[in-house]
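Shown next, in structure tokens, is the structure this report addresses.
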Amino acid sequence: MNLRDRKRSSEIDPDVDSEVIVAGWVQTIRKKGKIAFILLRDRAGIVQITAMKNEMGEESYNALTKVQRESVLAVRGKVQKSEYVKRGFEILPEEWAVLNGADAPLPMGVVDKVNVELDTRLDNRFLDLRREEVLSVFALKSMMLSAIRSSLEGSGFVEVQTPKILKSGAEGGATLFQLDYFGEKAYLAQSPQLFKQILMSSGLERVYEIAPAFRAELSDTTRHLSEFTSLDFELSFIKSQDDVMDVVEDMLDTAIKAAMENGQHQLKTLGIDLKAPKRPYPRITFEEAKAMLEERGKKVEDDLDTEGEKILGNIMEEKVYDAYFVVEYPEAEKPFYIMEKNGTPWSYSFDLEFRGQELASGGQREHRPDVLEERMRKKGLNPADFEFYLKAFRYGMPPHGGVGIGVERLVQKALGLDNVREATLFPRDRFRLVP
RNA sequence: GCCCCGAUGGUGUAGCGGCCUAUCAUCCAGGCCUGUCGAGCCUGGGACACGGAUUCAAAUUCCGUUCGGGGCGCCA
């Protein structure tokens, strides 16, 4: 039996194939005396192997029907049309081999009729991913990222990689993981922010990066991870932050439409009726948002809290807007690299909100070195610590802006998942470092 | 970092001081069945997180440890 000749379950055509080799995981064996039905699963689907004692001989039949669930099994056999089987055909085994047996009992059931808690699932992610609905999330994530890449490439963005081991962080250092770098203190990058901006000075004009970001926040919520995938981009020669939001909107729209188009099967598996958010995404100023919330009796101080975010999400949902921008936050709430709206307490910043949750944060950057240094001091930072960054601003830095988007949050919200960990293969959080 | 809550077979649970040699389902093992498809039926197997305390008696109450769950803050 040569496995190179194996057919994936979805490729078998009973009108054409008379004999096939299939291989996959044994999902269930329904033994019924002298006949047994084995459901063999591969990534593409499931085929039924029908084993008959009188055809195969007692010894082979007994051995085959004793194989443990989730073992890897290869079968060569006749393809036979059958009205008994849902797919219209079955495979009558002529030769079979267990490529790798599974221990029993399984640490968690793949098709058992009992719930499994997320924690148990994550401890046994390899088994969890054997479930079609779990795998579907990651197939859809891949489709969305692929669409985002083409969308950005089509708009003239260049993909870049920036260092994840840094001497200093983007905003000081409170949320950084510290590590030992040949005897010197170093940190894991919480964002590619400073490097994206340095690249604006290089003349690349438009760059994007899809890479991990690390946050040592002691957060323990359904929307935080210690390591997440950050989709960042930065573009030069913008007139205002509206130019950045335009790209974000196009990108999100493309990503969701790609999932709708290419992921129909997966969406059906998950039972999700995915719809692209209504465009254009409204752009509400912070002050307007504050007024809308206060109208509902919700006090707003300097920033939107989680409750405020959710209420605003509900208000916008009533107007059939799933996605919207909140723009011009108080500059005091925003990092040093954001441009102030001169003469006002506001800033040229925006958050992308999706059904009441922050998905992305961006804005126009301060590109004038003297103003930038002043802002750093205002935020309690020492410009001398950021010399490698400030240097790039002194020899020709174009006006620019950009954004950082949480990829797992995007997938979580788009697919309506309860927990961001569901959108992460091997999540890292405050309590989880393994697997 | 703060506030709540929880830990019972491999998995998911019932239990709320003595009626627990601990319930049910799933699972595993064995048996019956040649058309199953959440197969069915019969028999059997397997657990009170750890350490201490209270009590005649602790799965059950109390304290600590470890590990989880939800929320807040912070953020993507």
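A note on names: the letters A, B, ... follow the listed sequences, proteins ahead of strands, and every chain is numbered from 1. Predicted model only: the values in this text are computed from it and were never measured.
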query = Does the pair Lys341(A)/Glu328(A) count as a salt bridge with the N-to-O cut at 4.0 Å?
reply = yes

With the side chain defined as heavy atoms from C-beta on, Gln68(A) is closest, among rC28(B), rU36(B), rG30(B), to rC28(B)

**OP:** Could you measure between the two C1' atoms, the one in rG46(B) and the one in rU8(B), and give it in whole Å?
**Re:** 13 Å

Closest of rC28(B), rG70(B), rA76(B) to the Thr222(A) side chain is rG70(B)

His224(A) has its side chain closest, among rA76(B), rA39(B), rA29(B), to rA76(B)

Check: Should the pair Lys378(A)-Glu340(A) be classified as a salt bridge under the 4.0 Å nitrogen-to-oxygen rule?
Finding: yes

side-chain hydrogen bond (donor to acceptor under 3.5 Å, both in side chains) for Asp351(A) and Ser361(A)? Distances and angles first, verdict last.
CA-CA 4 Å; Asp351(A) 280 3; Ser361(A) 187; 3.0 Å; yes

Original post:
Side chains of Glu159(A) and Glu209(A): does their closest heavy-atom pair fall under 4.5 Å?
Top reply: no

Regarding Tyr348(A) and Gln241(A), is there a side-chain donor-to-acceptor distance under 3.5 Å anywhere? no

Do any N or O atoms of the protein come closer than 3.5 Å to N or O atoms of nucleotides 40-42 of chain B, and which pairs are they?
none

From the candidates rC72(B), rG35(B), rA76(B), the one with an atom nearest any side-chain atom of Glu217(A) is rA76(B)

- request: Over 60° means perpendicular and under 30° means parallel, so classify the ring planes of Phe195(A) and Phe388(A), tilted if in between.
  value: tilted

Taken to the nearest whole Å, CG/Leu127(A) to C1'/rG12(B) is 16 Å

The nucleotide from rA76(B), rG35(B), rG30(B) with an atom nearest the side chain of Ser361(A) is rA76(B)

Just to be sure I understand the rule, does Lys310(A) reach a base, reach only the sugar-phosphate, or reach nothing, if contact means heavy atoms closer than 4.0 Å? sugar-phosphate

Looking only at rC72(B), rG35(B), rC75(B), the nucleotide nearest the Thr221(A) side chain is rC72(B)

Taken to the nearest whole Å, CD1/Ile91(A) to P/rU36(B) is 19 Å

Among the nucleotides rG12(B), rG35(B), rC27(B), whichever has the atom closest to the side chain of Val85(A) is rG35(B)

Are Lys334(A) and Tyr329(A) in a cation-pi contact, defined as NZ or CZ under 6.0 Å from the six-membered ring centre and within 45° of the axis?
yes

task = Determine the Euclidean distance between corresponding C1' atoms of rG9(B) and rC20(B); express it in Å to zero decimal places.
result = 15 Å

| said: Taking any heavy-atom pair under 4.0 Å as a contact, classify Asp351(A): base, sugar-phosphate, or nothing. | reply: nothing

### Message
Is it the case that the side chains of Gln193(A) and Gln197(A) hold a donor-acceptor pair, with the cut-off being a distance below 3.5 Å and no angle test?
### Response
yes

Review point. Is Arg223(A) side chain donor-acceptor paired with the rA76(B) base, going by distance under 3.5 Å alone?
Key: no

**Asked** Considering only the P atoms, how many Å lie between rG64(B) and rU60(B), rounded to the nearest integer?
**Response** 16 Å

| said: Suppose we call a contact any N or O donor and acceptor under 3.5 Å apart; does that hold for the side chain of Glu117(A) and the base of rU11(B)? | reply: no

Should Arg69(A) be listed as having a side-chain N or O under 4.0 Å from OP1 or OP2 of rC28(B)? yes

Taking rG38(B), rG12(B), rG70(B) as options, the one with an atom nearest any side-chain atom of Thr120(A) is rG12(B)

Per the under-4.0 Å heavy-atom filter, residues of residues 136-152 of chain A near RNA chain B come out as none

note: Glu353(A), atom CD; rA76(B), atom P; distance rounded to Å ~ 11 Å

Give every donor-acceptor pair under 3.5 Å between a side-chain atom in residues 263-270 of chain A and any protein atom, sequence neighbours left out.
unit_1, atom_1, unit_2, atom_2, d
His265(A), NE2, Glu132(A), OE2, 2.9
Thr269(A), OG1, His265(A), O, 3.0

When rounded to whole Å, the CG to C1' distance for the pair Asp112(A) and rG10(B) reads 10 Å

Applying salt bridge (Lys or Arg N to Asp or Glu O under 4.0 Å) to Lys413(A) and not counting sequence neighbours gives none

Exercise for the section: Show your reasoning for whether side-chain hydrogen bond (donor to acceptor under 3.5 Å, both in side chains) applies to Trp346(A) and Thr285(A). Expected result: CA-CA 10 Å; Trp346(A) 315 118; Thr285(A) 65; over 6 Å; no

Ring centres of Phe233(A) and Phe157(A) under 6.0 Å apart?
yes

Whole-Å distance, Glu309(A) CD to rA76(B) P, equals 11 Å

Closest to the side chain of Ser82(A), out of rC72(B), rU36(B), rG35(B), is rG35(B)

Residues of residues 423-435 of chain A with a heavy atom under 4.0 Å from any atom of RNA chain B, listed by number, are Arg430(A), Phe431(A)

Using 30° and 60° as the class boundaries, would you call the ring planes of Tyr389(A) and Phe336(A) parallel, tilted or perpendicular?
perpendicular

Q | Close side-chain approach of Ile38(A) to Thr50(A), heavy-atom, < 4.5 Å | A | no

Any chance CG of Asn115(A) has more than 12 other-residue heavy atoms, nucleotides or ligands included, within less than 6.0 Å?
no

Any stem touching RNA chain B, meaning at least three consecutive Watson-Crick or G-U pairs under 3.5 Å, ordered by first number, would be B:1-7 with B:66-72, B:10-12 with B:24-26, B:27-32 with B:40-45, B:49-53 with B:61-65

Ile338(A) atom CD1 is separated from rA76(B) atom C1', nearest whole Å, by 14 Å

In whole angstroms, the gap separating P of rA76(B) from CZ of Arg409(A) amounts to 8 Å

In whole angstroms, the gap separating C1' of rA49(B) from CG of Asp123(A) amounts to 15 Å

- Query: Can we say Glu227(A) and Lys164(A) salt-bridge, meaning some charged N sits less than 4.0 Å from an Asp/Glu carboxylate O?
  - Reply: no

Of rC33(B), rC75(B), rG69(B), the nucleotide closest to the side chain of Asp119(A) is rG69(B)

